[in-house]
Amino acid sequence: MRAFLKIIFALLFSAFVCAHVQAQKLPADADKKIYDSGEVPGQTLRVFAPVTRAGPEIDYITHVPQNMSEIPACVVVYRNEKIYYMPSARGVVKNDGDAFRLRCKAVLLKKGGTYERQLVDELVEGATPNKEFIVELPFTIGLAFTDDDKFGAYEIRTELENLDNSEKAVAYTPITLADWEKPEKGFATQDEWRDAYQNYNVNFSPRDLFELFVSEHARFVSSDNRPDYQTHSFFKNAFERHEFLLPFIDEEFEKGAHELRAKIIILFSLLGKSDKLEGLKDSEKKFLQSVEKVRQALPDAKTAKLSPALIDWLWGEFYACGTYAPVERIAEATRNKKEGDKFIAMTRGKLKEDELNEQEKKLGSLYAVSAWSLYVNMKSPLLRKYLEWMMQTSMTQIQKEYFEGALDFAREMADEKSKKKRQE
């Protein structure tokens, strides 16, 4: 049987949160409600049905303040790329705290064709504390088109029925399956590259990822000739979620200059796929051996204790995946305020080094490094949302004070650096 579209998995979750789909250019289709069934006169039920690359985790919905979550919807997708269908509903009850019973049906259609495949046919029951809340329906469907699927226009039709009052809502989700074309523009400056990097976890664009990697501004070695853990982490995590790009990266290896070939060797090593590279020169085989040693020494985010190196690694994971856990681990170090204050006093000459024991130096250093890294990454809108939610839901009052004090310290450091630079 010819593969049409494979359903990778269905993740079950339950959350009552407010979310909206990020605005973007959509195909003109005046007779249909794209993503959103819209308001229907005389009824409250409304269904939303975006497809997104932002999965499978949904931290950007569940770990942000109310009314601040955004789902980065995508329209154009590529063969073997993982995407996620995430339906939700609003107006499911008339009163706060009421229970609801919904029937959700979703089918995938090939426009101009006869194919129809059922994705969802589920009864959903629950309750919501606020009638205005958007209710995330308890399934995220992971999808991927295969090499056998024809390019062109598809759509998902989502039908939702409220079984308690017979209200119905329908939304259409457009999907265009396109052939991959290599991006040509590139990033002309380091600032352009940095902006795309810092905003990657807002859109998860595979074209941006490809350009970020092949750009001359992507460097796996820091200015002091050491492995750049954040860069290693970012590309490892990002390409694990966009493995469909690897054959196209491999094509670049065949014709690439020395520096690009070296980066591709590092990437395939990080992904455990170095055996897939063909045509290695003798010098590159030796280089691969050294790269493998570096890979084995990289921090393991799941088991390693927090350290400056792991903090760098966690930032790469955050920017690649948009997940909450890396931010939480980094922020936890700001609770070491006592050790942090002593460490800062030592660095400013107010305390002698022998007045701190080794544990105080270690925890104090982590306090300072985490505070500074949080401050300099604060341009990230997703980071700001996570930190606000963290302060609202998981910090005690004293922990909030410690956290705010750590950011004040980092701000003072930034001001001191700026003042010194102006004086030079």
Side-chain angles (χ1 to χ4, degrees), residues 7 10-24 26-52 54-56 58 60-62 64-75 83-109 111 116-143 154-175:
I7 299 180
L11 293 174
L12 299 183
F13 65 89
S14 179
F16 299 108
V17 296
C18 289
H20 66 276
V21 179
Q22 280 185 329
Q24 64 173 256
L26 298 172
D29 206 346
D31 62 331
K32 293 181 178 179
K33 300 295 184 179
I34 303 299
Y35 294 147
D36 179 358
S37 62
E39 296 181 1
V40 178
Q43 73 173 43
T44 61
L45 186 64
R46 193 167 176 175
V47 63
F48 308 92
V51 165
T52 180
I58 57 167
Y60 59 93
I61 295 177
T62 60
V64 300
Q66 288 287 354
N67 302 314
M68 290 183 66
S69 59
E70 296 177 330
I71 300 175
C74 61
V75 176
I83 55 176
Y84 304 90
Y85 165 71
M86 302 177 62
S88 58
R90 187 173 184 177
V92 300
V93 297
K94 289 188 176 181
N95 303 299
D96 294 350
D98 280 357
F100 58 79
R101 293 187 307 130
L102 307 171
R103 168 69 67 179
C104 181
K105 296 181 179 180
V107 294
L108 177 77
L109 306 167
K111 288 191 176 182
E116 179 174 317
R117 178 167 181 170
Q118 181 173 290
L119 299 180
V120 176
D121 186 357
E122 296 285 345
L123 174 65
V124 180
E125 297 180 297
T128 178
N130 189 318
K131 65 181 181 180
E132 298 298 327
F133 279 7
I134 289 178
V135 175
E136 297 297 324
L137 301 182
F139 33 78
T140 292
I141 306 297
L143 309 171
Y154 297 77
E155 70 179 15
I156 297 175
R157 185 180 71 232
T158 303
E159 300 177 358
L160 192 68
E161 180 181 3
N162 189 324
L163 299 180
D164 293 322
N165 59 20
S166 298
E167 290 185 354
K168 296 181 180 180
V170 181
Y172 295 85
T173 305
I175 304 174

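Computed from a predicted model, the values in this text were never measured in an experiment. Counting from 1, the numbers follow the sequence of the chain as shown.
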Colleague: Give me the atom names and distance for the closest heavy-atom approach of Phe139 to Glu122.
Modeller: CE2-CB, 3.8 Å
Colleague: Identify the heavy atoms of Gly42 and Glu167 that sit nearest to each other, and give their distance.
Modeller: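 Heavy atoms only, the tightest pair is O-OE2, 4.1 Å.
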Colleague: With a 4.5 Å cut-off on side-chain heavy atoms, are Pro56 and Tyr84 touching?
Modeller: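 Of all side-chain heavy-atom pairs linking Pro56 with Tyr84, at least one is under 4.5 Å.
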Colleague: With Arg101, which of Asn165, Asp164, Val124 fulfils side chain to side chain contact (heavy atoms under 4.5 Å, CB included)?
Modeller: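 For Arg101, the side chain to side chain contact (heavy atoms under 4.5 Å, CB included) test succeeds with only one of Asn165, Asp164, Val124, which is Asp164.
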Colleague: Report the distance from atom CG of Leu109 to atom OH of Tyr154, rounding to the nearest 0.5 Å.
Modeller: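 Result: 11.0 Å between the selected atoms.
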Colleague: Kindly compute the distance separating OH (Tyr60) from CE (Met68), expressed to the nearest 0.5 Å.
Modeller: 16.0 Å
Colleague: Any side-chain to backbone donor/acceptor pair from Ser37 onto Arg46? Under 3.5 Å, distance only.
Modeller: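 No, the answer is negative, given that no donor and acceptor are paired below the 3.5 Å cut-off.
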Colleague: Can you tell me how far apart NZ (Lys168) and CZ (Arg103) are? Round to the nearest 0.5 Å.
Modeller: 12.0 Å
Colleague: May I have the step-by-step check of side-chain contact (heavy atoms from CB on, under 4.5 Å) for Thr128 and Val92, ending in yes or no?
Modeller: CA-CA 9 Å; Thr128 178; Val92 300; 4.2 Å; yes
Colleague: So which atom in Leu102 and which in Asn162 form the shortest heavy-atom distance, rounded to 0.1 Å?
Modeller: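 In this case the closest contact between Leu102 and Asn162 is CD2-CA, 3.9 Å.
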Colleague: Go through the steps to decide whether Ile61 and Ile71 satisfy the test side-chain contact (heavy atoms from CB on, under 4.5 Å), and finish with yes or no.
Modeller: CA-CA 8 Å; Ile61 295 177; Ile71 300 175; 3.9 Å; yes
Colleague: For Pro72 and Thr52, which heavy atoms make the closest approach, and how far apart are they?
Modeller: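 Heavy-atom minimum between the residues: O-OG1, 2.8 Å.
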Colleague: Under 3.5 Å, is there a donor-acceptor pair linking the side chains of Thr158 and Tyr85?
Modeller: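 Side-chain D/A pair, Thr158 to Tyr85: present.
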Colleague: I'd like to know if the side chain of Asp96 reaches the main chain of Lys131, judged simply by a donor and an acceptor atom lying under 3.5 Å from each other, with no hydrogens or angles considered.
Modeller: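 Between the backbone of Lys131 and the side chain of Asp96 there is a qualifying donor-acceptor contact (under 3.5 Å).
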Colleague: Got a second to check how far Cys104's SG is from Asp121's CG, nearest 0.5 Å?
Modeller: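 These two atoms lie 8.5 Å from each other.
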Colleague: Quick one: are Phe100 and Val135 in side-chain contact, heavy atoms under 4.5 Å?
Modeller: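 Side chain of Phe100 against side chain of Val135, heavy atoms only: contact under 4.5 Å found.
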Colleague: For Gly91, does its backbone N or O pair with a side-chain atom of Thr44 as donor and acceptor, under 3.5 Å?
Modeller: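 Here the side-chain-to-backbone pair exists.
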Colleague: Evaluate the criterion side-chain contact (heavy atoms from CB on, under 4.5 Å) for residue pair Gln66 and Phe133; output intermediate values, then yes/no.
Modeller: CA-CA 9 Å; Gln66 288 287 354; Phe133 279 7; 3.7 Å; yes
Colleague: Considering non-hydrogen atoms only, spot the tightest contact between Ile156 and Leu119 and give its length.
Modeller: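 Looking at all heavy atoms of both residues, the closest pair is CD1-CD1, 3.8 Å.
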Colleague: What's the verdict on side-chain contact (heavy atoms from CB on, under 4.5 Å) for Leu163 and Leu123, showing C-alpha distance, side-chain angles and the deciding distance?
Modeller: CA-CA 9 Å; Leu163 299 180; Leu123 174 65; 3.4 Å; yes
Colleague: Could you tell me whether Glu159 and Arg157 have a side-chain N and a carboxylate O separated by less than 4.0 Å?
Modeller: yes
Colleague: Counting distance only, does the side-chain N/O of Thr173 pair as donor-acceptor with the main-chain N or O of Pro50 below 3.5 Å?
Modeller: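 Absent.
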Colleague: Would you name the heavy atoms of Leu160 and Leu45 that are closest together and state the gap between them?
Modeller: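 So the minimum-distance heavy-atom pair works out to O-CD2, 3.6 Å.
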